[in-house]
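Just so it is clear: chains get the letters A, B, ... in the order the sequence lines come, proteins before strands, and each one is counted from 1.
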Amino acid sequence: MRATPTPWRSAAVLAAGLAALTACGSGGGASGAGAGTPRTGGTLTFAVGSDTGCADPQQVGSNDTIYSVRQVVDSLTDQDPATGKIVPWLAQSWTISGDARTFTFHLRPGVTFSDGSALTAEVVKANFDAIPKLGPLGILAEGYLSGYQGTDVVDDLTFKVRFKQPNAQFLQATATHSLGIEAAASVRKTPQQRCSEGIAGSGPFTLQKYVPSQSITLAARKGYAWGSSLWKKPGAAYLDRIVFKILPESGVRTGGLQSGQLDAIGSVGRADESALKASGVRLLARANPGVAFGLSPNNARPPLNDEKVRQAIALGIDRRQIAQTVFPSGTRPATSPLAHTTPGYADVGAPLSFDQARAKALLDSGGWTPGTDGIRRKDGKPLAFTVKWFANAATNKPALELVQQQLKAIGVRLDLKEQAIAQIAQVQTSGDFDALWGNVTRADPDILRGSYSSRLANTYKLPASGLDALLDGQAAEPDQGKRFDLVARAQRDIVRHAYTIPVVELQTELGVAKKVHGVLFDASSRIQLHDTWVG
Amino acid sequence: MRRYAALRLAQAAGVLWAAYTVSFLVLDLLPGDPVSAMAGQGADQAGIDPAQIARLKSQYGFDEPVPVQYAHHLGRALRGDLGDSVSAGRPVTSVIGEALPSTLQLVVAGLALAVLLGGGLALAATYTSRRWLRQLLLSLPPLGVSVPAFWAGLMLVEVFSFRARLLPAFGNGGPRGLILPAVTLAIPTGAVVAQVLAKSLLTTLDEPYVQTARAKGAGRPRIHLRHALRNASLPALTVVGVLVGQLMANSVVTETVFSRNGLGRVTAAAVTAQDIPLVQGVVVFGALVFVLVNLAVDLLCPLLDPRIAAAGGRRWSPA
């Protein structure tokens, strides 16, 4: 598993172009293709809906904030959104030990941070050593480094990262914003200081000003010359400045874009699509990689501890109808526990098709007979369960109401219970639920292990089975081909037993003014603005 | 007067304590805690380590028994320390302090506009002798009260910013950016001022002393502004104390619609994140403002009507 930089560059450029084409699920021409000659300079005004109160890439988890702080740091590697391949960025090459426990990276020379200090192996070590101490906001980065034993500095530009257990997902994790490398002086600050003051990175933009819940202003880094091997433009970014405005009201974001006060907006909803398109705005969309949106049953609690019931529910849901009526156009029905943009994704086929007759037959054979009210019963108990859901997306309620109707047709009663967003973690860890509605974004299939291994947190109470070995096996497999074989088998196994019931692939949708070009999605369906220019 | 003032002060302190205690109990009844809430905020929930959450909970003191937490927090609050915001990682007082100036600007501008528009409307409606005009003007306040601030704000943005492009739709940018939010805030508040003042002016204008003044040959403007307004303004002044609370509540919506910085945004974010220390800080701060404004009103009322203090602290109430 050794990557050399030069051949990657041309392949990467091609791939980035392809990604831009596939990324454009619902709009007109790809913004990435770039009509006309790119222009250097200018300001991009980008509106997002929320602010997490933190300007440190290692500590943010919400897309709205990642969009901006991502531009300030570089990562050791980058991930090709079209193929999922890990390619060079700050690291020119790397090797992974046979047991997937030791990762050796060779840094590119001549990289400096915006505070003038140089990127060395020592700085990377300081970053990784500090991450486990970040606190509640650093949970994403801390998870990527779970089992971290230490970093050994071999020479100025070479270091080895060691883990207690096999950790194949770590390579993809080095491509995320969460493990973006910060200057030593920033690492020494407290997590709170890093949040409120921002950090110095080596990225194509620097943080110029952060006003909490108001705006984040970025300025282009002069002399930037160490971009990801995926980017088209060598050297510094096209734009001089990017202003991220935090506008919580979606009507104001849409109106602002239509009236020309904004250049781009995040979180476009289905309701805004037609008005935006009519005013010439381009809509860019890409499915979030990771676990698709769906029902996650508590596999230990009746009635969903009955495999036949779970299988019947999976067959009783008309995913196409839900994707087409509730979600933004271009949303795909789920065809696996993983979204199709996840590396290692495999289409599992039949168990996730819509087949009411088979669903009913399964329930009949399981002893669930229709009652007078149309709801099936067994030993006097109705076939009913409650889904707890969180108001973190406007689509949740209508989607679940549709599922509710669809399941009624096969004799299953679904009750809905809304919970406060702040209680997600509490509900998950307590295990007090029949089923949850949600997704998890991650551009590495190891997310399956985090979600469905009975040996880890086991939020969904899966029984110990051969699945655990498959999931541990992929985590320990340094060869990508072999690893993805294991991942494909795990996906089929999960769906065969209906441990989870995937419904749709959540997609990220952006609205971009006609004059803006080169807004590209990265492998995690977040954005990269180095190649962006305003015509 | 001194006894009256002392009584008012004691009442104010009691209200503050009650606000603190009730908010503490209500927030404690909520399932979950701020640390778990923050942990769940990230996109990846699969990686949450229960041991780490437990460690952080004890760091913030959320694992102690409720009475201990209450005593501990109340003790600190009495010394002016409201604890640290979990989501911002900074003292609650500094989070509130930073958000305050912007909200203060908005609330003061909104209140001034409300008094000006509401008062003007009430005076015009009671002054005119044209029946149809009076009816028309008097029908405006109920309309203003019933229009949701949210909707009014969006309409103003749509018309004056997105279509006419006269004013900015978002941000704290200078006095021009203050106009639309202040108008949004002033509509429901001004409507209440107009309603109360108009009713009280109409009542006052029927009083015998006004008839006496009229009989002595005083002109309409003099009767209206000198004789009637002073007495009629008492109920309106009392209601202003309540309206400050309404303005603060509406600032949550207004600041969200206009993407302004301020206490309203801080409140909304704190509630969503279940940031208990910050929510409590905001509640106590809100109670403090409310109490101070009402105290000021209570102490002002006797100046307008000396009978109030003489009555031993019984609050003047509109008949």
Side-chain angles (χ1 to χ4, degrees), chain A residues 47 50-54 60-63 66 135-137 139-140 142-144 146 190-193 195-196 211-215 245-249 251-252 255-256 258-261 288 290-291 420-430 438 440-442 447 449-451 456-457 459 524, chain B residues 30-50 52-53 55-57 59-60 84-90 95 98-99 102 150 153-154 157-158 161-163 165 168-172 255-262 265-266 268-269 271-275:
Chain A
S50 63
D51 175 33
T52 26
C54 185
V60 299
S62 148
N63 271 3
I66 295 169
L137 276 181
I139 276 184
L140 231 97
E142 288 155 29
Y144 296 155
S146 84
T190 65
Q192 284 79 11
Q193 276 179 315
C195 270
S196 53
V211 189
S213 53
Q214 199 64 46
S215 65
K245 296 236 178 231
I246 292 130
L247 307 182
E249 182 43 46
V252 174
Q258 284 171 312
S259 66
Q261 297 181 45
N288 288 9
V291 175
I421 297 164
Q423 284 165 21
I424 289 182
Q426 207 260 333
V427 170
Q428 285 189 325
T429 43
S430 71
V440 191
T441 301
R442 175 80 203 268
I447 192 62
R449 188 169 60 102
S451 302
L456 298 175
T459 309
S524 303
Chain B
L30 284 176
D33 60 88
V35 171
S36 313
M38 295 240 328
Q41 213 179 58
D44 276 354
Q45 284 122 34
I48 298 172
D49 177 7
Q52 196 193 5
I53 289 184
R55 185 168 56 78
L56 286 160
K57 270 191 204 173
Q59 186 185 322
Y60 282 96
D84 281 352
S85 153
V86 181
S87 53
R90 286 179 297 140
V95 174
E98 271 163 39
S102 154
F150 186 74
L154 282 179
V157 169
E158 183 65 35
S161 183
F162 296 156
R163 285 180 200 275
R165 304 195 183 185
F170 37 75
N172 289 36
E255 286 177 357
T256 305
V257 170
F258 291 96
S259 323
R260 282 178 63 87
N261 236 347
R265 284 284 284 286
V266 166
V271 170
T272 336
Q274 223 174 313
D275 188 342

I'd like to know if the side chain of B/Arg265 reaches the main chain of A/Gln214, judged simply by a donor and an acceptor atom lying under 3.5 Å from each other, with no hydrogens or angles considered.
no
If you compare all heavy atoms of B/Phe162 against all heavy atoms of A/Ser259, which two are closest, and at what distance to 0.1 Å?
CD2-OG, 3.5 Å
What are the two closest non-hydrogen atoms of B/Ser259 and A/Leu247, and how far apart are they?
OG-CD2, 2.9 Å
For a quick test of reading the model, state the closest non-hydrogen atom pair linking A/Val211 to B/Asn261 and the distance between them.
CG1-ND2, 3.5 Å
Based on non-hydrogen pairs under 4.5 Å, which of A/Gly438, A/Gly251, A/Ser215, A/Pro248 is most in contact with chain B?
A/Pro248
Counting only non-hydrogen atoms closer than 4.5 Å, does B/Arg165 touch chain A with its backbone (N, CA, C, O), its side chain (CB onward), both, or neither?
side chain
Would you sort out whether B/Ser161 and A/Gln261 count as a side chain to side chain donor-acceptor pair (under 3.5 Å), showing the intermediate values?
CA-CA 9 Å; B/Ser161 183; A/Gln261 297 181 45; 3.0 Å; yes
Need one label for A/Ser213: side chain, backbone, both or neither, based on atoms under 4.5 Å from any heavy atom in chain B.
both
Contacting region of A/Pro191 [heavy-atom separation from chain B under 4.5 Å]
neither
Side-chain touch A/Glu249/B/Phe150, heavy atoms, less than 4.5 angstrom:
yes
Which answer fits A/Gln192, side chain, backbone, both or neither, if we ask what part of it has an atom under 4.5 Å from a heavy atom of chain B?
side chain
